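The structure under discussion appears below in the form of structure tokens.
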Amino acid sequence: MHFWIEAAERDWAIQTPTGECCVRLGDGVEARLTPPYGQLAAEDVRVLPVAKGAGSPEWVLVAGQQVRLHLNGEPLQLGLRVLRHKDEIRIGGQRCYFSTEELAKVIAFEGLAQPVFCPRCKEKIEPGDLCVRCPNCGAYHHQSERFPCWTYAPTCAVCGQQSTELDAGYSWTPEML
Ligand SMILES: [Zn+2]
Ligand SMILES: [Zn+2]
């Protein structure tokens, strides 16, 4: 997931938070990306990951009573809501968008509790093997010179929806609105 922050008119900056951190939403407003603990102060904005089984988490936007925040043009009901891809968040004069889109990238496989088999070549993926985890469905595929399994076909071998282009960039940006 990431945020598109409007730095100036029609000028968008991407913020991709990892772990526990602050996302600067502009105008001195920071959304804190934290596990759901601690008290919410009246001027706090938080984005909380909520695990939903094995897939990527859902993200819940929480705002304190004094934050003037609009989500897709509406005041935030009850001070919280699950964020959806392309949601517009407005705080004061500042605009930003939430996106769940992730880019496919080559990583060294860290290993999982269960053995993982590449859906393309059916061979086991060993810890340390270069691979790509499909950002859409989470399936691991080899991606090395010997086993270019991810880029072997135009789309992911499991979901068939994710493009396997490695430098394609984001398919959705606020400029498309
Ligand atoms: Zn493979
Ligand atoms: Zn996939």
Side-chain angles (χ1 to χ4, degrees), residues 1-113 131-140 156 159 161-163 166-177:
M1 66 87 125
H2 58 276
F3 292 89
W4 293 91
I5 319 278
E6 192 170 39
E9 184 77 22
R10 301 268 101 193
D11 178 11
W12 298 93
I14 300 179
Q15 285 198 34
T16 308
T18 47
E20 201 170 317
C21 67
C22 282
V23 185
R24 199 172 300 274
L25 299 178
D27 267 357
V29 179
E30 286 182 335
R32 269 192 292 153
L33 205 74
T34 56
Y37 56 60
Q39 286 231 296
L40 186 75
E43 61 282 355
D44 270 1
V45 178
R46 286 192 204 171
V47 181
L48 311 174
V50 178
K52 48 158 199 185
S56 355
E58 293 214 281
W59 299 93
V60 178
L61 179 69
V62 188
Q65 290 173 350
Q66 277 172 30
V67 182
R68 284 178 43 246
L69 187 149
H70 286 77
L71 190 65
N72 303 319
E74 304 278 335
L76 196 63
Q77 298 290 328
L78 304 172
L80 85 165
R81 223 201 67 183
V82 173
L83 286 172
R84 302 277 174 231
H85 184 47
K86 305 185 201 176
D87 270 350
E88 184 206 57
I89 304 165
R90 229 178 240 274
I91 302 171
Q94 180 70 42
R95 220 161 41 123
C96 73
Y97 286 88
F98 173 80
S99 173
T100 53
E101 196 181 350
E102 309 252 5
L103 295 179
K105 57 178 185 289
V106 180
I107 53 168
F109 185 57
E110 287 181 356
L112 294 176
C131 66
V132 170
R133 181 177 182 269
C134 173
N136 186 54
C137 70
Y140 288 91
C156 168
C159 66
Q161 289 176 24
Q162 178 72 36
S163 159
L166 282 172
D167 47 9
Y170 291 109
S171 66
W172 183 84
T173 81
E175 275 145 45
M176 298 161 82
L177 294 169

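Just so we're clear, the structure is a prediction, and the values are computed from it rather than from any experiment.
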Does any part of the side chain of [Y], heavy atoms only, come nearer than 4.5 Å to the side chain of [X], both counted from C-beta?
{"X": "Pro75", "Y": "His70", "value": "yes"}
{"X": "Ile107", "Y": "Cys131", "value": "yes"}
{"X": "Leu69", "Y": "Leu61", "value": "yes"}
{"X": "Glu102", "Y": "Thr16", "value": "no"}
{"X": "Arg84", "Y": "Asn72", "value": "no"}

Taking all heavy atoms of Arg10 and all of Glu6, pick out the closest pair and write down the distance.
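Result for this residue pair: N-OE2, 3.3 Å.
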Quick check: closest heavy atoms across Ala104 and Pro135, and the distance to 0.1 Å?
N-CG, 3.6 Å
Could you give the distance from [atom1] ([X]) to [atom2] ([Y]), rounded to the nearest 0.5 Å?
{"X": "Thr100", "Y": "Asp87", "atom1": "OG1", "atom2": "CG", "result": "9.5 Å"}
{"X": "Leu76", "Y": "Arg68", "atom1": "CG", "atom2": "CZ", "result": "14.0 Å"}
{"X": "His2", "Y": "Leu103", "atom1": "NE2", "atom2": "CG", "result": "7.5 Å"}

For Val82 and Val50, what are the C-alpha separation, side-chain angles and deciding distance, and is it a side chain to side chain contact (heavy atoms under 4.5 Å, CB included)?
CA-CA 9 Å; Val82 173; Val50 178; over 6 Å; no
List the steps, then state whether side chain to side chain contact (heavy atoms under 4.5 Å, CB included) holds for Leu83 with Leu71.
CA-CA 9 Å; Leu83 286 172; Leu71 190 65; 3.9 Å; yes
Going through the checks in order, is the side chain to side chain contact (heavy atoms under 4.5 Å, CB included) test met by Val132 and Leu166?
CA-CA 9 Å; Val132 170; Leu166 282 172; 4.1 Å; yes
Partner set under salt bridge (charged side-chain N to carboxylate O under 4.0 Å, His left out) for Glu88, not counting sequence neighbours
Arg90, Arg95
Listed partners of Asp44 passing salt bridge (charged side-chain N to carboxylate O under 4.0 Å, His left out), at least two apart
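Counting only residues at least two positions away or on another chain, Asp44 forms a salt bridge (charged side-chain N to carboxylate O under 4.0 Å, His left out) with Arg32, Arg46.
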Taking Gly64's backbone N and O only, do any of them form a donor-acceptor pair with Glu43's side chain (distance below 3.5 Å, no angle check)?
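Side chain of Glu43 to backbone of Gly64: no pair is present.
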Give a yes or no answer on whether the side chain of Glu101 reaches the backbone of Trp172 with a donor-acceptor pair at less than 3.5 Å.
yes
Tyr97 pairs by ring-ring contact (aromatic ring centres under 6.0 Å, His included) with which of Phe3, Trp12, Trp4?
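Single pass found, and it is Trp12.
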